[in-house]
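Note sheet for the following structure.
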Amino acid sequence: MSLKKKADFLRTTTFRLTLWYTTVFGGLSFVVFIIIYVSLMSHLKEQTDNELLNKAKEFSVLYDNHGTQALQSEFRRESESSGIKRVFFRLLSPQGEILVSSDLRQWTWLKSSRNQSGYTVEKGFSFNTLSLPNHQHKVRVVSKFTIDGNMIEVGSSLQSNELMMVKYREIFGIALMIMLICGGFVAWLLARKVMSGVCRVTQTANRIRKGDLSRRVPLGNEGQEIDALAVAFNGMLERIESLVGELKQVTDNVAHELRTPITRIRGMAEMTLDGDIGEYRELAALVIEESDRLIEMINTMLEIARTDLGVTQLASDPLDLRKTIAEAIDLFKPLAENKNINIHVDTLSQDVIVKGDRSKLQRVVANLLDNAIKYTSSGGKIVVSARMEDLQAVITIADTGIGIDTNDIPKIFDRFYRGDKSRTTFGSGLGLSLALTIVKAHGGDITVDSSLDTGSVFTIILPLT
Ligand code: ADP
């Protein structure tokens, strides 16, 4: 592995997780080892002390009742059965002189004095641990005063206890190594499994970077968090894909829709060059009119895009929709009267309050009202109503106009779409698209019901406050 690859590997989350798991696992195992070690050691010590204490008690009773002779033979018998290398017993006079003892040939290093420096656990008994510089193993000694002032000493080598602890340390050392290797391996497998979800997201992101927006991160079984990441990532991709698609469509539409007015403006400019000075003013006015239409179209396109993307912050004020409708009708009344169209308002006496952006919602009503007037012939009728229904505000704008072809109905809310029958009428094909975008941004919807015989009914649904 090259130095760079090695450094990259050390920086991976998989490696760091493995290191963390292994360290924590190793640390916990070590703590458990210490606890077991300490309790085992104290258990062995307690066991040895109890044995020695019982022996000392036995010897003391024997000495008090039967004297030195009996003690001597008991010392011999006991030391032979327990092993003369392992235990020793002796009776010392107040001056430290050995009165009787077990076979002490293996215990020559024992001083001919009393071991009295130990601590007392039971009345008349004291405990001592002797360690000699040239002796590998320690010796535990219990001393007991007899009634006549002598002292019985019972000692036992701690060799077997110490060997047991050494064995325990060795076994644990090997077990810890094996556990660390196995634990590290398992930790690595786990970390790899957990991180494989993240790797999948990265791989998909890399493929997308190369241009394949249709790819999605497959869901695995690494756990809820990784699945949530994949779902969020896929959701984001879906949004990006639809935005890119929309952007492409809008760009195509814009290019197509702008070409016509710009060509017209150019034509007028050419005519101005070729024409009489007297026609200048007239042609300049037409150019201004066409440019205004173009600017309005671009502004509407921008408004749709900004509202759709949530860039435009919508106000959220409580407003009475009856008032919004009345204001829009006031604006369009002269136009309707010019065409001899009757506008009838059918609203409740009760307020219809929603939370929203007053000017944007007014724009929605205005666009629908404008269409209703535009696509209704002279002598027709428009009925506007507002009511509350199932925690929703419902506004309907019904006209007796030309109606919409059934094939056109699903497309009329698309940007720049214009029905065949309306081509003769002035328009940009953006009015309904803007209205729907605004209503959707308020959490509502617009539906349409239309027939070529009776006209159209547009219904705006908005959630109530
Ligand atoms: P524009 O009115 O500028 O063409 P819109 O987006 O407002 O653009 O409407 C899209 C199309 O929907 C219109 O071209 C027309 O075919 C149809 N439409 C909208 N409103 C009505 C209506 N009230 N009656 C009949 N057709 C309508």
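Start at 1 and go down the list; that is how both ligands and their atoms are numbered.
- Classification of Glu290 and Arg266 as a salt-bridged pair fails, no side-chain N sitting under 4.0 Å from a carboxylate O.
- Closest to atom 17 (C) of ligand 1 among all protein heavy atoms lies Ile412 CG2, 3.9 Å.
- In this structure the side chain of Leu361 reaches within 4.5 angstrom of the side chain of Leu462, judged on heavy atoms.
- A 4.5 Å side-chain heavy-atom check between Thr22 and Leu19 finds every atom pair outside the cut-off.
- Taking atom 4 (O) of ligand 1 as the reference point, the nearest protein heavy-atom neighbour is Arg418 NE, 2.5 Å.
- Close contacts of ligand 1 with Gly429, meaning ligand atoms under 4.0 Å from a residue heavy atom, involve 1 (P), 3 (O), 4 (O), 6 (O), 8 (O).
- Partners of Phe416 according to the ring pair (Phe, Tyr, Trp, His ring centres under 6.0 Å) rule, which considers only residues two or more places apart in sequence or in another chain, do not exist here.
- Of all the listed residues (Gly455, Ser422, Ala435, Ser433), Ser422 holds the heavy atom that lies closest to atom 14 (O) of ligand 1.
- The single protein non-hydrogen atom nearest to atom 23 (N) of ligand 1 is Asp399 OD2, 2.9 Å, given as residue, atom name and distance.
- Side-chain contact annotation: Ser359 with Asp357, donor-acceptor N/O pair under 3.5 Å present.
- Here the heavy atom of the protein found nearest to atom 13 (C) of ligand 1 is Tyr375 OH, 3.5 Å.
- Aromatic ring orientation, Tyr168 versus Phe172: parallel (interplanar angle below 30°, classes split at 30° and 60°).
- A distance-only check finds a donor-acceptor pair linking the side chain of Asp320 to the backbone of Arg322 [under 3.5 Å].
- Nearest to atom 6 (O) of ligand 1 among the protein's heavy atoms is Leu432 N, 2.9 Å.
- Contact atoms of ligand 1 toward Ser428: 3 (O) (distance under 4.0 Å to a heavy atom of the residue).
- Judged by the 6.0 Å and 45° rule, Arg16 forms no cation-pi pair with Trp20.
- Shown in contact with Tyr417 at under 4.0 Å from a heavy atom are these atoms of ligand 1, numbered in order with element: 10 (C), 11 (C).
- Closest protein heavy atom to atom 7 (O) of ligand 1: Asn371 ND2, 2.8 Å.
- Taking every non-hydrogen atom of Gly427 and a distance limit under 4.0 Å, the qualifying atoms of ligand 1 come out as 3 (O).
- Phe413 meets the ring pair (Phe, Tyr, Trp, His ring centres under 6.0 Å) test with no other residue; sequence neighbours excluded.
- Residue-ligand proximity: Gly401 is placed with every non-hydrogen atom at 4.0 Å or more from ligand 1.
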What verdict does the ring-ring contact (aromatic ring centres under 6.0 Å, His included) test give for Tyr21 and Phe25, after you've listed the backbone C-alpha separation in whole Å, the side-chain angles of each residue and the deciding distance to 0.1 Å? CA-CA 6 Å; Tyr21 289 152; Phe25 181 61; over 10 Å; no
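- Panel note: side chain Lys381, backbone Thr400; no donor-acceptor pair is recorded below 3.5 Å.
- Between Phe458 and ligand 1, a contact under 3.5 Å exists for no N or O pair.
- Ligand 1 has a nitrogen or oxygen under 3.5 angstrom from a nitrogen or oxygen of Gly431.
- The shortest N/O to N/O separation between Gly419 and ligand 1 falls below 3.5 Å.
- Closest heavy-atom approach to atom 25 (C) of ligand 1 within the set Ile404, Asn367, Leu452: this belongs to Ile404.
- For ligand 1, the atoms closer than 4.0 angstrom to any heavy atom of Leu430 are 6 (O), 8 (O).
- Note on Lys421 versus Asp405: no salt bridge recorded, every NZ/NE/NH1/NH2 to OD/OE distance being 4.0 Å or above.
- When heavy-atom distances to ligand 1 are checked against a 4.0 Å cut-off, Thr376 has no atom that comes that close, whether in backbone or side chain.
- Using a 4.0 Å heavy-atom cutoff, Lys374 is listed among the residues neighbouring ligand 1.
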